[in-house]
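Beneath this line is the structure, given in structure tokens, with notes to follow.
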There are 2 protein chains.
Amino acid sequence: MQQTTIVMNKCDQCIVRQLSSLKALNKDEVIKLASSKTSYKIKKGEAIFEEGEVTNGVFCIKDGVGKLSKLSANGKDQIVKLVKSGELLGQRSMISNEPANLTAKAIADMEVCFIPKTEIINFFNNNNQFSLNLMQSVCEDLKESENEKIALVQKTVKQRLAETLLHLHDEFGEDTDKTLRVQLTREELAGIIGTATESCIRLLSDFNKLGLIELVGKKIMLKDIRALKKLADN
Amino acid sequence: MQQTTIVMNKCDQCIVRQLSSLKALNKDEVIKLASSKTSYKIKKGEAIFEEGEVTNGVFCIKDGVGKLSKLSANGKDQIVKLVKSGELLGQRSMISNEPANLTAKAIADMEVCFIPKTEIINFFNNNNQFSLNLMQSVCEDLKESENEKIALVQKTVKQRLAETLLHLHDEFGEDTDKTLRVQLTREELAGIIGTATESCIRLLSDFNKLGLIELVGKKIMLKDIRALKKLADN
DNA sequence: AATATTATATGACAATTATCATCTTAATAA
DNA sequence: TTATTAAGATGATAATTGTCATATAATATT
């Protein structure tokens with residue numbers, strides 16, 4: 001009895017349970033969830049799943065940061081989305097009944113839990129609020145993807161870099177030294193904005209010289225957010 | 001009584017009912033649907049809804065072709081997706097409870113039906129298969145959007161043009177004269193692949209000279225699909 | 001039919017961005 | 001520590017693509 005309570009609490013207190021579609025689950029469902037999940041630790045650089053893999057469930061991100069990306073023919077890694085704690089991973093391919101379309105890798109050490117598909121489908125069919133939440137989450141991803149698609153075409157690399165820096169600042173915040181908390185390599189940053197690594201580095205230098213940002217070793221500090229916003233929009 | 005039957009048949013026979021998420025609806029639900037829908041005719045060039053508009057429902061496309069697009073600051077229209085008969089329009093913003101993110105316009109004369117949100121939410125909550133279908137449809141859109149996003153960055157304009165021509169051929173087929181059935185202006189085609197109209201025209205000329213396509217007035221005939229595929233992939 | 005308007009086409013040129021080479025600095029392994 | 005490798009930085013150059021100008025063809029309007 002007590003054991004059940006402990007297990008339930010584990011998921012009940014979890015940040016994913018608080019932030020994701022899973023917030024719609026009731027006590028009994030959380031207990032079921034806790035007993036069917038499995039936990040993993042994933043080191044920086046390691047994959048959670050690879051493109052083409054059949055995952056048969058979703059991953060809850062308890063801690064860390066990950067990237068969803070696709071390798072191109074010429075060996076470049078295009079990053080489609082970053083994910084952080086509180087989010088679910090692999091919803092789309094699970095629902096579509098398809099192998100993963102993208103590869104998920106850890107950018108910072110991660111703690112994740114795997115929830116089997118059967119469990120999720122069960123919640124989906126029996127809990128309207130959960131299915132609506134899940135639906136809205138995918139819809140949010142779709143909207144974001146469409147808008148990014150438009151930005152890729154309508155904005156220059158410079159604008160996209162400014163936009164991405166602001167976005168990273170908004171979503172992940174600052175370290176104590178005022179630099180961006182997410183530690184991306186220049187290559188990864190280039191992969192997000194969709195450009196060559198050298199172009200990305202060059203523009204960062206330009207931004208630095210213009211006083212828009214400051215490069216602290218490999219880390220980036222946003223110095224003039226207003227100017228970055230202006231640059232990104234116009 | 002007879003009237004009800006007639007009305008039901010109207011929706012029951014409809015191509016949208018056969019192809020979209022609505023195929024999961026049972027007889028009673030179709031009757032409800034038929035009584036709550038309103039029909040419209042939309043002329044080529046006219047809008048079904050505009051970006052920022054609150055639609056409060058979805059549109060069934062009975063006939064015609066439409067485009068979902070967003071106007072950029074510099075006046076260019078980026079086309080995000082083409083829609084054709086059998087598809088639903090406006091699902092995402094309805095589910096997200098947001099105004100439309102994109103503008104929907106007719107490329108060819110359209111016949112559409114509007115279904116109010118209350119009706120859809122009702123089906124969503126009471127019919128698991130319908131909610132799953134709807135979910136899968138949004139997931140399909142998401143996958144496509146992500147893949148196009150990647151293509152926009154990793155492929156050249158030439159490759160994207162080849163890819164888009166093949167895609168249009170697959171999805172909309174040929175007219176009796178072997179040309180592509182969808183009649184897009186060069187400007188619209190440029191808006192899909194995300195390039196300047198002049199660049200698009202120039203590349204079409206190149207493709208023509210290379211024997212990949214043939215330009216029959218404003219219409220386009222694919223002559224060497226194998227070569228176009230090779231070009232698009234590599 | 002004549003005129004106006006819009007779409008398509010093409011040349012010339014500029015701007016952006018990618019590629020390749022090289023160098024420096026930082027991180028990691030031996 | 002030293003050697004080795006990887007990441008970051010920058011110059012030189014080429015390729016791609018966008019912009020502007022202008023011409024022609026197609027369509028619409030009077």
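Letters A, B, ... are given to chains in the order of the sequence lines, protein chains preceding strands, and every chain is numbered from 1.
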Practice problem: For A/K229, look at atom NZ and say whether over 12 heavy atoms of other residues, nucleotides or ligands are found less than 6.0 Å away. | Solution: no

Quiz item: If you measure only the distance, is there a donor-acceptor pair under 3.5 Å linking the side chains of A/N208 and A/K223?
Solution: no

Quiz item: Rounded to whole angstroms, how far apart are CG on A/L161 and C1' on D/dG8?
Solution: 15 Å

Quiz item: What do the steps show when you test A/K76 against A/E187 for salt bridge (charged side-chain N to carboxylate O under 4.0 Å, His left out), and what is the final call?
Solution: CA-CA 9 Å; A/K76 275 190 192 161; A/E187 192 181 359; over 6 Å; no

Exercise. Give the B/S/- string for nucleotides 11-30 of chain C, one per nucleotide from 5' to 3', where a protein heavy atom under 4.0 Å of the base yields B, of only the sugar-phosphate yields S, and otherwise -.
Key: BB----SBBB------S---

Exercise. Output the distance between atom CG (A/L189) and atom CG (A/L168), rounded to the nearest 0.5 Å.
Key: 6.5 Å

Practice problem: May I have the distance from B/K44 (atom NZ) to C/dA7 (atom C1'), rounded to whole angstrom? | Solution: 12 Å

Quiz item: So what does B/L204 hit on the nucleic acid, given a heavy-atom distance under 4.0 Å: a base, only sugar-phosphate, or nothing?
Solution: nothing

Quiz prompt | Value in whole Å for how far the C1' atom of C/dA7 lies from CG of B/L215 | solution = 13 Å

Practice problem: Enter the distance from A/D63:CG to A/I15:CD1 here, rounded to the nearest 0.5 Å. | Solution: 8.0 Å

Quiz item: Does A/V153 or A/L184 map to a spot on DNA chain D nearer the 5' end, using the closest nucleotide for each?
Solution: A/L184

Quiz item: Can you check the B/L231 CG to D/dT16 C1' distance for me, whole Å?
Solution: 15 Å

Exercise. Measure from CD on A/E187 to P on D/dA9 and round the result to the nearest Å.
Key: 14 Å

Practice problem: Using a strict 4.0 Å threshold on nitrogen-to-oxygen distance, state whether A/E46 and A/K105 make a salt bridge. | Solution: no

Quiz item: Atom CD1 of B/I201 and atom C1' of D/dC20: how far apart are they, to the nearest Å?
Solution: 14 Å

Self-check item: Presence of B/S205 side-chain N/O under 4.0 Å of C/dT10 phosphate oxygens OP1/OP2
Solution: yes

Practice problem: Round to the nearest Å and state the distance from B/Q183 atom CD to C/dA7 atom C1'. | Solution: 12 Å

